[in-house]
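Take a look at the structure below.
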There are 2 protein chains.
Amino acid sequence: MTDSVDRGKAPNIRDVARLAGVSHQTVSRVLNDHPSIRDSTRQRVLDVMNDLQYRPNRAARALVTSRSRTIGVLASQRSQYGPSSIIQSIESAAQDAGYLVSTANITKTDESSILTALNHLNAQAIEGLVIIAPQVRVFRAISNLDLRVPFVTMNTSEGTDDHAIAVDQVAGARLATRHLIELGHRNIYHLAGPQDWIEAEARMRGFLEEMNAQDVPTTAPILGDWSAEFGYYAGRELMRVRDFTAIFSSNDQMALGLMHAIRDAGQDVPHDVSIVGFDDIPEAAHFWPPLTTVKQDFPELGRRCVAQLLGTMDDQAAGYTGRIQPELIVRASTARPSF
Amino acid sequence: MTDSVDRGKAPNIRDVARLAGVSHQTVSRVLNDHPSIRDSTRQRVLDVMNDLQYRPNRAARALVTSRSRTIGVLASQRSQYGPSSIIQSIESAAQDAGYLVSTANITKTDESSILTALNHLNAQAIEGLVIIAPQVRVFRAISNLDLRVPFVTMNTSEGTDDHAIAVDQVAGARLATRHLIELGHRNIYHLAGPQDWIEAEARMRGFLEEMNAQDVPTTAPILGDWSAEFGYYAGRELMRVRDFTAIFSSNDQMALGLMHAIRDAGQDVPHDVSIVGFDDIPEAAHFWPPLTTVKQDFPELGRRCVAQLLGTMDDQAAGYTGRIQPELIVRASTARPSF
DNA sequence: TGAATCCATGTGCACGGTCACATCCGCGCC
DNA sequence: GGCGCGGATGTGACCGTGCACATGGATTCA
């Protein structure tokens with residue numbers, strides 16, 4: 001009678017304790033891998049847990065430890081390949097470490113939508129934050145709010161370098177640019193990402209650095225919005241001028257739009273114009289022509305994020321300091337200029 | 001002295017109560033919009049909350065109410081455009097309703113990885129479940145586990161229709177197929193998705209139904225894996241045969257791969273082969289040639305999911321019964337056959 | 001042999017909310 | 001004037017877990 005478990009209510013540690021003939025604290029110790037538990041006792045408890053289909057109550061645990069075991073992710077453009085791959089790998093890494101992930105998305109880029117997102121995360125009592133929407137104003141909003149939470153960002157920015165886990169975007173952009181220069185191009189445009197995105201800025205910087213290093217004169221980059229749509233319209237405008245033989249696009253989608261516009265203008269890629277993208281989305285190999293691009297290891301990026309964040313949270317020295325080196329993938333969208 | 005709030009600890013309702021000169025229960029009532037609170041009292045409490053930067057503790061609330069206010073999402077292929085768009089809209093809809101979203105991803109398709117994912121969600125004490133990985137075996141695993149949680153799935157399958165919120169995949173596939181037939185094609189292949197995906201099956205069914213309805217003889221569909229890569233290799237095989245003038249691909253990525261292979265074989269899309277995709281990913285308009293495809297309203301799908309799920313959870317009649325109608329987007333990848 | 005130490009386990013309370021129930025007060029009505 | 005009633009608020013218990021501390025027995029060592 002006293003042994004019977006109430007129907008319709010999940011069992012708790014006291015139920016387990018009673019059936020195993022120990023105190024609730026012993027059960028708790030088994031749950032937390034406390035060293036000084038006799039093997040026979042542990043086994044008995046585990047058996048009862050199994051019988052009862054016992055699952056620890058996360059809320060109760062969070063309440064008493066005041067640790068939510070949740071990390072927040074602040075993202076934007078979530079449906080794009082890069083962000084979504086990263087989120088996926090963050091989530092699986094966090095899950096392995098026993099953490100939950102709560103994401104908040106920024107749709108509009110205004111200050112208030114950033115605040116809404118951060119407040120949402122704050123309400124979850126997150127213990128750490130990964131920022132995948134590395135816009136300058138996001139950092140501003142964070143320091144204004146002073147959420148006292150360790151955070152990690154995917155990309156470097158002045159003043160936040162402690163937190164940065166980066167694919168070396170600058171190096172990637174230099175690879176792409178160097179490739180074009182080595183092919184013989186001298187009139188190269190850069191179609192950049194949105195102005196306030198840190199990775200857009202880094203890629204732009206890499207482009208300019210390499211151009212300068214090789215003594216090639218540059219024109220001002222065009223600021224885009226990452227979308228194929230924008231690339232297409234930018235390409236239409238550019239094709240009116242035609243004072244270039246190559247374009248380095250800050251991501252693959254815009255590169256796709258560019259190639260579309262170039263064909264529409266009756267020109268050929270790569271014969272008339274060479275195109276390089278960035279990211280190496282899975283589709284890039286099948287674009288027409290297959291796109292030369294810079295490959296980022298998104299899954300690895302996500303894993304490192306979590307590793308570093310958990311490290312910071314536990315006040316450990318945060319292992320990974322090195323950047324992930326991106327890789328140039330040469331495909332058919334680049335060739336020697338045709339003069 | 002007694003009024004001072006401990007530093008380093010988040011304020012709780014009792015702190016608020018003390019400073020507002022009321023009982024903790026009154027504070028709780030303010031939090032929960034209880035009707036019988038005098039306006040002046042409410043305002044006083046709200047002011048104190050504001051001063052203290054009070055945030056209700058989700059864990060404590062979850063503990064006492066035994067409601068986690070969390071809904072789970074079981075996904076697969078998360079980094080692809082469709083799933084990630086849906087997840088994004090689910091998340092924002094859930095957030096609006098005061099719910100948290102916890103996602104679990106299935107990478108491998110074996111039974112055990114499904115169980116792992118479901119267990120992960122189960123450990124969160126989710127109150128509802130959205131299934132975006134509508135593989136047949138997922139349903140089997142769910143009924144085996146008998147998680148007593150209401151769930152919703154994106155696509156219909158025999159026996160689970162109560163839970164289905166569907167874009168009418170069959171209708172979409174029929175639209176695509178009819179378009180090809182009306183252009184005059186008679187030898188049409190279908191490149192389907194993985195066998196055990198319910199949406200793949202539905203699109204295949206739509207294809208076959210329409211072909212039958214129009215008395216066009218069909219060949220057995222080819223089973224793919226959704227990737228552009230697969231589309232490419234399938235295309236290479238198909239180009240050896242060349243007994244067709246059109247292919248209906250079950251998604252845009254595979255269509256992209258097909259077009260790549262067709263060009264590699266020296267043939268032209270749409271002159272020699274017409275191609276139709278499915279999904280209308282943002283890049284599809286800029287493929288070469290721009291892809292004729294069937295557009296799904298992913299964000300709406302996500303919103304409905306949440307609406308229906310919350311409805312079911314509150315035992316309300318679950319509003320939306322109608323399917324979302326997909327739309328054919330005709331672009332340059334389809335034309336009359338060239339004989 | 002007794003004190004110190006360590007191991008294995010138990011006891012009671014705290015965490016921050018909500019719920020059921022109690023209380024107090026003012027008002028209308030017979 | 002007494003009674004009932006409902007609005008506004010207070011009191012104490014409880015949710016499931018972990019922590020600090022207590023306990024008792026075995027072992028070690030002076």
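Chain letters run A, B, ... following the sequence lines, proteins first, then strands; residues in each count from 1. Values below: every heavy atom of this structure, side chains too, minus hydrogens, waters and symmetry copies.
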*Search all heavy atoms of Ile71(A) against all heavy atoms of Ile126(A) and return the closest pair with its distance.*
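Closest heavy-atom pair between Ile71(A) and Ile126(A): C-CG2, 4.0 Å.
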Close side-chain approach of [X] to [Y], heavy-atom, < 4.5 Å:
X: Val130(B); Y: Ile90(B); answer: yes
X: Ile324(A); Y: Arg304(A); answer: yes
X: His120(B); Y: Leu115(B); answer: no
X: Gln88(A); Y: Ser79(B); answer: yes
X: Met313(A); Y: Tyr99(A); answer: yes

Rounded to whole Å, how long is the line connecting atom [atom1] of [X] with atom [atom2] of [N]?
X: Arg44(B); N: dA8(D); atom1: CZ; atom2: P; value: 14 Å
X: Met49(B); N: dG17(C); atom1: CE; atom2: C1'; value: 11 Å
X: Arg38(A); N: dC6(C); atom1: CZ; atom2: C1'; value: 13 Å
X: Arg69(B); N: dG16(C); atom1: CZ; atom2: P; value: 21 Å
X: Asp15(B); N: dG16(C); atom1: CG; atom2: P; value: 8 Å

_Side chains of Asp39(B) and Gln43(B), donor plus acceptor under 3.5 Å_ =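 Absent: no donor and acceptor within the cut-off.
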*Is the closest side-chain donor-acceptor distance between Thr103(B) and Arg78(B) under 3.5 Å?*
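Side chains of Thr103(B) and Arg78(B): pair found under 3.5 Å.
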_Regarding Glu127(A) and Arg67(A), does a basic nitrogen lie under 4.0 Å from an acidic carboxylate oxygen?_
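Salt bridge between Glu127(A) and Arg67(A), a charged N being under 4.0 Å from a carboxylate O: yes.
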*So which of residues 120-128 of chain A are in contact with DNA chain C, with a heavy-atom cut-off of under 4.0 Å?*
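None, since no heavy atom is under 4.0 Å.
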*asked:* So Ser66(B), base contact, sugar-phosphate only, or nothing? Heavy-atom distance under 4.0 Å.
replied: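 Result for Ser66(B) = nothing.
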*Reckon Ser36(B) touches a base, only the sugar-phosphate, or nothing at all at heavy-atom distances under 4.0 Å?*
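Answer is base: heavy atoms of Ser36(B) come under 4.0 Å of a base.
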*Between protein and nucleotides 14-19 of chain D, map the contacts as a letter string: B base, S sugar-phosphate only, - none, heavy atoms under 4.0 Å, written 5' to 3'.*
-BBBBB
*Mind running ring pair (Phe, Tyr, Trp, His ring centres under 6.0 Å) on Tyr81(B) and Phe298(B) for me, showing each step along the way?*
CA-CA 9 Å; Tyr81(B) 175 72; Phe298(B) 290 115; 5.7 Å; yes
*Among Thr116(A), Leu74(A), Leu118(A), which one satisfies side-chain contact (heavy atoms from CB on, under 4.5 Å) with Ile106(A)?*
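In the set Thr116(A), Leu74(A), Leu118(A), the residue that makes a side-chain contact (heavy atoms from CB on, under 4.5 Å) with Ile106(A) is Leu74(A).
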*Think Thr26(B) has a side-chain N or O under 4.0 angstrom from the OP1 or OP2 of dG10(D)?*
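Yes, Thr26(B) has a side-chain N/O under 4.0 Å of OP1/OP2 on dG10(D).
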_Angle between the end axes of the helix from dT1(C)-dA30(D) to dC30(C)-dG1(D), five pairs per end, to the nearest 10 degrees?_
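The angle separating the two end axes equals 50°.
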